[in-house]
Amino acid sequence: VTSPEATVVLLYVVSGLLLPLVGLVWQLLGFHAMLVSKGQTTFDFILLTQKKQQDLARQRRMQANAGRSNEAEECPCTPRKTPRSPGAHSSSPRSPAKPAGRGGGKPPAASTGTAPVGAPATAPATDEAAT
């Protein structure tokens with residue numbers, strides 16, 4: 001047999017646990033009522049929210065880039081050309097060698113003597129100095 005004080009304490013504990021849950025259910029119902037009034041689904045709302053966040057991030061990047069360069073706006077996925085610092089690369093005018101482990105260790109293909117498609121044709125080298 002329980003005392004009336006214990007019943008009141010139990011009522012307060014249960015109410016303290018249930019009221020926040022009831023509030024969350026009401027918030028969820030209100031959210032879906034708003035979606036129904038706009039004719040949207042939950043998925044449409046999520047996609048629209050993501051698009052807005054991406055657009056905002058893109059605008060912030062463009063504003064940050066506008067302050068750093070006077071060049072035309074670029075796509076953020078385009079790699080930027082960075083100036084070479086003296087001594088940072090070898091003196092060879094060619095591009096840097098591939099890192100080890102790339103290319104499978106195969107030697108370069110033998111030259112066929114023809115230029116690749118789209119490359120300018122060059123005349124064969126002559127040894128005019130020897131003649």
Pairs touching residues 8-29 that satisfy ring-ring contact (aromatic ring centres under 6.0 Å, His included), sequence neighbours left out:
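Matches after skipping sequence neighbours: none remain.
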Taking ILVMFWY side chains as joined if any heavy atoms are under 4.5 angstrom apart, and letting links pass through other members, which residues group with Leu11?
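None; Leu11 is a cluster of one.
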Report the distance from atom CG of Leu21 to atom CG of Leu19, rounding to the nearest 0.5 Å.
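Taking CG in Leu21 and CG in Leu19, the distance rounds to 9.0 Å.
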So, for Ser15 and Pro20, which heavy atoms are closest and what is the spacing to 0.1 Å?
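What the structure gives for the nearest pair is O-CD, 4.4 Å.
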Steps toward side-chain contact (heavy atoms from CB on, under 4.5 Å) verdict (Asp44, Lys38):
CA-CA 11 Å; Asp44 293 336; Lys38 289 184 174 184; over 6 Å; no
Would you tabulate the side-chain donor-acceptor contacts of residues 50-57 under 3.5 Å, counting partners in other chains and residues two or more places apart, or write 'none'?
unit_1 : atom_1 : unit_2 : atom_2 : d
Lys51  : NZ     : Asp55  : OD2    : 3.1
Asp55  : OD1    : Arg58  : NH1    : 3.0

List the atom pairs, donor and acceptor, that lie under 3.5 Å between side-chain atoms in residues 28-35 and the rest of the protein, sequence neighbours left out.
unit_1 : atom_1 : unit_2 : atom_2 : d
His32  : ND1    : Leu28  : O      : 3.0
His32  : NE2    : Thr42  : OG1    : 3.3

